[in-house]
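Notes follow the structure.
Just so it is clear, the structure is predicted and the values come from calculations on it, not from any experiment.
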Amino acid sequence: MDLLLQLADSEVAAVEALDGGLRLRFSAATVWRAAGAAPATLGHLRGVRLELRTAPGSALPPLADCIGRLAQGRVGRAGQWFGRLPLPVTLEGPLELDLSFAGCGSLRLHATSLHGVVEGEPDFRESLAC
């Protein structure tokens, strides 16, 4: 089963500062699931986590408003921008993260690496949206 995390419309439960970076935890990550030749299916996963490492000495932006639904999200690398990332994923920098929250908050930072995983067994729930 192939999984693609779609940053837009995912729900961020928390953004936590780490020593040398930050961690995003998703309460409901918007995900595309592909299996074989069948068309990809849109749905949600719990337990998705992204960790970003920043350059030594980099200051993190304020994280207080970084919660809730992402209106827009993308990761930049070598001049290309990606709104979807495979899971699991590891990218080495330089990288840019650009997130806009539906509640008007935003998060923009430069990173040296990004690592994304699904914690535990993927519990994919197909979207019932019309």
Is the count of non-hydrogen atoms from other residues, nucleotides or ligands lying under 6.0 Å from R46 atom CZ greater than 12? no
Provide the closest heavy-atom pair for L107 versus F101 in the form atom of the first, atom of the second, distance. CB-CE1, 4.3 Å
Ignoring hydrogens and angles, tell me if any N or O in the side chain of R53 forms a donor-acceptor pair with the backbone of D19 under 3.5 Å. yes
Any donor and acceptor pair, going by atom type alone, linking the side chain of T30 with main-chain N or O of D9 inside 3.5 Å? yes
No-hydrogen, no-angle side-chain donor-acceptor test under 3.5 Å, S27 and R25: no
Audit row: E51, R23, salt bridge (charged side-chain N to carboxylate O under 4.0 Å, His left out) steps and yes/no: CA-CA 4 Å; E51 291 187 4; R23 176 183 300 132; 2.8 Å; yes
If you count every heavy atom of other residues, nucleotides or ligands that lies below 6.0 Å from Q72 atom CD, does the total exceed 12? no
Does the side chain of L95 reach to within under 4.5 Å of the side chain of L52, using non-hydrogen atoms? no
In terms of hydrophobic clusters joined by side-chain contacts under 4.5 Å, are W32 and F82 together? no
Within-4.5 Å side-chain heavy-atom neighbours: V89 and L91: yes
For a 4.5 angstrom cut-off between non-hydrogen side-chain atoms, does F26 reach V31? no
Check this for me, if you would: do E11 and R69 make a salt bridge, where the nitrogen-to-carboxylate-oxygen distance has to be below 4.0 angstrom? no
For G73 and L99 the tightest heavy-atom approach is CA-CD2, 3.7 Å
How far apart are the closest heavy atoms of S106 and R108, and which atoms are they? OG-NH1, 3.0 Å
Does any non-hydrogen side-chain atom of H44 lie less than 4.5 Å from one of F124? no
Using a strict threshold of under 4.0 Å (side-chain N to carboxylate O), is an ion pair present between R74 and D98? yes
Would you sort out whether V48 and L87 count as a side chain to side chain contact (heavy atoms under 4.5 Å, CB included), showing the intermediate values? CA-CA 9 Å; V48 174; L87 287 173; 4.1 Å; yes
Tell me, do V117 and H115 make a side-chain contact under 4.5 Å, heavy atoms counted? yes
Considering all heavy atoms of both residues, which atom of L60 and which atom of G21 are nearest to each other, and what is their separation? CD1-O, 3.4 Å
Dump the intermediate steps for side chain to side chain contact (heavy atoms under 4.5 Å, CB included) on L97 and L24, then the final yes or no. CA-CA 11 Å; L97 178 69; L24 285 95; 4.3 Å; yes
Taking all heavy atoms of L3 and all of V118, pick out the closest pair and write down the distance. CD1-CG2, 4.4 Å
Tightest non-hydrogen contact, residues V12 and I67, listed as O-CG1, 3.3 Å
